[in-house]
Amino acid sequence: MAHVILGLLLITPQTYYGLVKGFEAGVALFYSASSGSIKRALDKLLAEGLIELASAETGGRGKKMYRVTDAGREEFRRWMTGELVGSDLESAALSRLYFLGLMDPSERVPVLRRIEARVESDLARFSQLDERLDTVDVPDGLGDVAAHQRATLDYGIASLQFALSWFRDYIAHHEPASE
């Protein structure tokens with residue numbers, strides 16, 4: 001979540017309330033977060049020096065405007081250009097896609113290629129599991145359970161196949177033309 005907040009703040013300095021609204025308006029398409037988790041991440045980013053107060057109003061609600069520091073810019077860039085980690089590939093891939101326009105144009109296709117490679121890796125892993133399941137004997141009385149579990153795996157494979165096709169098409173339309 002911290003990197004998503006950095007991305008939103010790189011687009012424009014914002015208040016905590018503005019960040020919550022930013023999550024609701026667009027980020028929620030690929031990343032779910034409560035207002036409390038946004039606040040905790042914001043406080044952590046501030047403590048780590050990755051963001052700073054751009055301004056703070058006194059009195060009333062004491063509205064604080066946050067912006068990204070140079071260290072925060074570097075951390076965001078490191079995350080965008082790094083390997084996709086964690087089990088939630090969709091959120092990892094879509095969060096990078098969402099903020100890809102913040103990257104230098106020369107860095108965009110390499111980011112997309114790392115996403116493509118991770119999708120390929122996950123698809124290969126799921127496909128191997130699918131093949132292994134063909135050799136498993138289902139215990140009596142668990143046929144219906146196994147059928148629905150297999151359907152879940154089939155969905156995962158189809159989802160990854162779609163993602164791979166989609167990212168390959170997207171890359172093809174965004175790669176610089178060969179001379």
Side-chain angles (χ1 to χ4, degrees), residues 1-122 125 156 159-160 162-164 166-176:
M1 172 179 327
H3 297 100
V4 172
I5 291 173
L6 287 173
L8 290 171
L9 291 175
L10 282 168
I11 293 170
T12 187
Q14 298 183 54
T15 63
Y16 161 71
Y17 179 75
L19 287 168
V20 170
K21 291 298 173 195
F23 269 80
E24 292 171 359
V27 175
L29 295 169
F30 59 86
Y31 197 97
S32 174
S34 68
S35 58
S37 62
I38 294 169
K39 177 67 170 132
R40 284 188 298 279
L42 195 60
D43 290 343
K44 186 175 185 227
L45 288 167
L46 193 58
E48 292 174 350
L50 300 177
I51 62 171
E52 64 188 2
L53 285 176
S55 63
E57 293 178 8
T58 56
R61 298 178 102 177
K63 202 175 354 176
K64 298 175 185 176
M65 186 72 68
Y66 298 93
R67 67 177 166 222
V68 178
T69 63
D70 289 341
R73 285 183 206 301
E74 183 53 37
E75 173 58 25
F76 179 81
R77 186 185 170 287
R78 184 200 61 73
W79 171 73
M80 285 288 293
T81 60
E83 297 302 316
L84 283 72
V85 296
S87 61
D88 190 354
L89 171 60
E90 187 173 52
S91 289
L94 293 179
S95 58
R96 283 167 178 82
L97 179 63
Y98 190 81
F99 294 115
L100 199 59
L102 294 172
M103 300 299 293
D104 184 86
S106 67
E107 294 177 306
R108 293 175 187 167
V109 170
V111 168
L112 293 168
R113 289 281 183 211
R114 274 186 289 288
I115 294 169
E116 177 188 32
R118 170 64 192 276
V119 174
E120 287 173 339
S121 173
D122 284 11
R125 192 169 40 88
S159 178
L160 288 167
F162 169 79
L164 186 58
W166 191 94
F167 275 103
R168 284 179 174 164
D169 286 348
Y170 196 78
I171 290 167
H173 287 97
H174 290 85
E175 272 186 316

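Starting from 1, each residue takes its place in the sequence as its number. Just so you know, these numbers come straight off a predicted model, no measurement behind them.
Annotation: D104, atom CG; neighbour count of heavy atoms from other residues, nucleotides and ligands within 6.0 Å is above 12. Dense packing is recorded around CD of E107, with more than 12 heavy atoms of other residues, nucleotides or ligands lying under 6.0 Å away.
Of the residues T69, L9, V68, the one that meets the side-chain contact (heavy atoms from CB on, under 4.5 Å) test with E52 is T69.
Taking the six-membered ring where the residue is Trp, F30 and Y98 present tilted rings, their angle falling between 30° and 60°. Classified by interplanar angle (parallel below 30°, tilted 30° to 60°, perpendicular above 60°), the ring pair F76/W79 is tilted.
Among residue pairs with one or both ends in residues 5-22, those qualifying as salt bridge (charged side-chain N to carboxylate O under 4.0 Å, His left out) are K21-E24; sequence neighbours excluded.
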Please step through side chain to side chain contact (heavy atoms under 4.5 Å, CB included) for the pair L53 and Y66, ending with a clear verdict. CA-CA 5 Å; L53 285 176; Y66 298 93; 3.5 Å; yes
Verdict with reasoning, E83 to R118, per salt bridge (Lys or Arg N to Asp or Glu O under 4.0 Å): CA-CA 8 Å; E83 297 302 316; R118 170 64 192 276; over 6 Å; no
Intermediate values then yes/no, side chain to side chain contact (heavy atoms under 4.5 Å, CB included), H3 and E75: CA-CA 8 Å; H3 297 100; E75 173 58 25; 2.7 Å; yes
Would R125 and D122 count as a salt bridge (Lys or Arg N to Asp or Glu O under 4.0 Å) here? Give the steps. CA-CA 5 Å; R125 192 169 40 88; D122 284 11; 3.4 Å; yes
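L164 places a side-chain heavy atom less than 4.5 Å from the side chain of E116. Between M80 and L100, the closest side-chain pair of non-hydrogen atoms falls below 4.5 Å.
Note that CG of L84 and OG of S91 are 10.5 Å apart. Values are rounded to the nearest 0.5 Å. The distance from atom OH of Y16 to atom OG of S35, rounded to the nearest 0.5 Å, is 4.0 Å. Between the CG atom of L6 and the CG atom of L42 there is a distance of 9.5 Å, given to the nearest 0.5 Å.
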